[in-house]
Protein chains: 2
Amino acid sequence: MPVQVSDSLQVEHRLDQLSQALNSGMFVHVRQMLQNMASSDIALILESSPPKARQVLWQLIDQDQLGDILDELSEELKDPLIRAMSPERVAKATASMDTDDLAYILRSLPDTVYKQVLQSMSLQNRQRVEQALSYPDETAGSLMNTDTVTLRPDVNIDVVLRYLRQRGNLPDTTDTLYVVDKQDKVLGGVKLADLLTCDPNTPISSIIDTDIESIPVGMSDSEVAQLFERHDWVSAPVVDSEGKLLGRITIDDVVDVIREDAEHSMMGMAGMDDDEDTFAPVVKSTLRRSLWLTINLFAALLAASVSNMFEGTIEQFATIAILMTIVPSMGGVAGNQTLALVIRGIALGHIGQSNARWLIGKELAIGFLNGLMWSILVFIAVLVWKDDIALASLIGGAMLINMTVAGLAGASIPLILKRLKVDPALAGGMVLTTVTDVIGLFAFLGLATLYLMH
Amino acid sequence: MPVQVSDSLQVEHRLDQLSQALNSGMFVHVRQMLQNMASSDIALILESSPPKARQVLWQLIDQDQLGDILDELSEELKDPLIRAMSPERVAKATASMDTDDLAYILRSLPDTVYKQVLQSMSLQNRQRVEQALSYPDETAGSLMNTDTVTLRPDVNIDVVLRYLRQRGNLPDTTDTLYVVDKQDKVLGGVKLADLLTCDPNTPISSIIDTDIESIPVGMSDSEVAQLFERHDWVSAPVVDSEGKLLGRITIDDVVDVIREDAEHSMMGMAGMDDDEDTFAPVVKSTLRRSLWLTINLFAALLAASVSNMFEGTIEQFATIAILMTIVPSMGGVAGNQTLALVIRGIALGHIGQSNARWLIGKELAIGFLNGLMWSILVFIAVLVWKDDIALASLIGGAMLINMTVAGLAGASIPLILKRLKVDPALAGGMVLTTVTDVIGLFAFLGLATLYLMH
């Protein structure tokens, strides 16, 4: 009987049962439970488990399931699990994997293990994998499978059907067979749907779709993902510089790229790697996060040294010190809004030379409008609170300056970083906050000092 | 001849050409250029254009292409373009769209326009769309197409092939035909690949995959996306509570959900709507962003009022005011790292009741370790800078307290918000920063005041 879908609640329920069984040492029971689960559910359970439970669970999983589960796990999790296995077991567990996924795993192994795993493979598998490994990471080549089924243009559907029945199966996620000439150059594609719905006497040449677009093997994986998204592809052929068919990319691998790219922006803006494991050990996590905190300490000390320049003003007038964090804080939030928008625009391929200047102008205008609005509001708030019209005017003026700068900086910093080949998602937030902190403090404390001098 | 893929550079080049032609008023030329482009490329160009150019381009696009282009545009862009069209033109442009996409567009139209568009449709289309509109937004039902092709279990492949040839075509992105009983209950699925590769005399019942999982029509679209990602599906059947087939969901629509969910986290953390248009008009953008800034102003005033409680201490000792921003800043960054990790974990379905406590404990431990490390470093930095061991100890102590709180708050705030049914991605950052600001200031200024009293 077909099963109704296991929704996340059910998975959580099973996770609870598993942890209980694990904690009470009922390993045989756990092994049985695992045998009855889909690989993807086991992968989810591994990803939702603390590191210790993960290693125990991994020991209890059937050898036959290991490959499928590895396929589903995120990179951060694969590494420690694979390193704890013998090279022979790795070779065996990965024998049935797609070439692109296997190459991805091998790439992350230490050199010695990597060579041992390769040696434990059958000759055919080894050649297949070595080929895949020759393409750089994060390119179309590294996403590609070589299991394409090709046709010649000069046959009828009937011939193709006989060939396919003799073949007996098709690779997963095949929706199109590629038509190639004698030099393996892609002439077009034939949809499975057309093979099924057209008369068997129809020649391939009359149902071939020659508008099919081929992906150059060196294209970046993010660009590949954009193309799949834009054209609603299920698979696409990959070709070398001469148009020769090398393999194909399928939507399931592209979905991972889309997810990773989007997560990269989000995690990057918070100062994290996108492959950070939610359940990584404490010390490892602490160290991975410290780079960002180090940079922030310098930024905070820089801001403090700006305040330090105005020590005299602060000594004279404690209220200024009390209010001085408001202007940088508002600038930081406004700038970050712009930054997030521009980083997403860059990731989606919406921002290029032709509209960058327009966008910066627009965000500058928003910054100025925001600045006007918030300088009036903060003027009123401070006037009501501190009953000091001079102080209220000073903070209002500083707000206008800082919000305008925030709009300009939020739009231009990621574009400048991109041109410098620095990842805007990773570095943008820190550079921006430093700018809005320093300008915000300078504006408020500087205006206050000028005022006090008169 | 098959074309090599148009990479983003080429799209940018064409965008440049188009803007030049537009700016010099060569509308006929622009119209010709547009006619030779794929709908998805035109959609990208519209998304990369400022609002004015967008409206002009829209007028120049062929009537026949409008539907396909609307399909590709993001929600924010569709609305103004559709509202500027007459209901008859909308009905005509959308006649060939998939039901789910059309329902999505209609949902966002004002009531009067919406009714007019429905009335301009053919009866068949109207019924189809009204059915789709009956499912709530962001559920499996709203993602679903009703164009399923079904089979009976008691026939041979040969019969199916004859039926398909008579039918003449299959809906886009069909990889599986569903086998149903007389009550339309899903019994399983048959892959197109199996229909092609098995002998025509094979009965359907022997190639049916009964392990196929059906999606309940009320499931949230994020859960649907997680299932597609986990199981590498291209399509999946949607059923009602009795297991009756209602339609199917295809990967192209799921990819949009995955992208939107991931963007929602990133944009939400920066205080933006995920459907914010990069090129929206200035005033509209300013107003949309002001809610977040209003909340931040209150948060900043709250932090200032904490400083205000320690006015006496700040008056006595200006250096304290100068250094008082460092502790909140470090706590904010550390807390945000944890927050981003937990929000992603929630979105991926990795965090549930069984591991939430473990995760909070882990992040608390990381916060404490971070606190120890940074309190020592900031102690040294301030000792070197200000040559004051008491001051250096005070800031070090405050750092330890605030970093520990930041770890605890970063992990528990999103989990609490989730339980309160508040979106953690949207509200988490602001709540967290307020906590780390207030605790950071309290810790540093409080410790300083205690010290000065002795």
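Within every chain, numbering begins at 1; the chains are lettered A, B, ... in the order of the sequence lines, protein sequences first and strands thereafter.
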Which atoms of [X] approach chain A - backbone, side chain, both or neither, heavy atom under 4.5 Å:
X	value
B:T294	both
B:I251	side chain
B:A381	side chain
B:E363	side chain
B:M269	side chain
B:I320	neither

Heavy atoms only: give me the nearest [X]-[Y] pair and the separation to one decimal.
X	Y	answer
B:S265	A:M266	CB-SD, 3.8 Å
B:E229	A:D256	OE2-OD1, 4.4 Å
B:H231	A:S40	CE1-OG, 3.0 Å
B:A318	A:I314	CB-CG2, 4.1 Å
A:M324	B:A321	CE-O, 3.1 Å
B:L369	A:V283	CD1-CG2, 4.3 Å

Based on non-hydrogen pairs under 4.5 Å, which of [options] is most in contact with chain B?
options	result
A:V333, A:I258, A:V378	A:V333
A:M430, A:M330, A:Q166, A:E315	A:M330
A:I366, A:D252, A:D232	A:I366
A:A425, A:S305, A:A43	A:S305
A:L170, A:I343, A:N308, A:L161	A:N308
A:V306, A:L297, A:D175	A:L297

Output the option from [options] having the highest count of non-hydrogen pairs under 4.5 Å with chain A.
options	answer
B:N336, B:L192, B:D172	B:L192
B:E311, B:R289, B:K362, B:M267	B:R289
B:L359, B:T325, B:L323, B:T433	B:L359
B:A299, B:A262, B:P50, B:S49	B:P50
B:Q316, B:R259, B:R344	B:R344
B:I326, B:N355, B:L196	B:L196

Count the heavy atoms belonging to other residues, nucleotides or ligands that lie under 6.0 Å from NZ of B:K185, then report whether that count exceeds 12. no

Looking only at side-chain N and O atoms, does B:N296 offer a donor or acceptor that is under 3.5 Å from a partner on A:S329? yes

Point-to-point distance, once rounded to the nearest 0.5 Å, from [atom1] of [X] to [atom2] of [Y]:
X	Y	atom1	atom2	answer
A:E47	B:I351	CD	CD1	11.5 Å
B:L227	A:D41	CG	CG	8.5 Å
A:R230	B:L44	CZ	CG	4.5 Å
A:L441	B:I322	CG	CD1	10.5 Å
A:K191	B:N169	NZ	CG	11.5 Å

Is [X] close to chain B through its backbone or its side chain, or both, or neither, when contacts mean heavy atoms under 4.5 Å?
X	answer
A:L348	both
A:T250	neither
A:V282	both
A:R167	neither

Decide yes or no for B:Q337 and A:L293: does some side-chain heavy atom of the first lie under 4.5 Å from some side-chain heavy atom of the second? yes

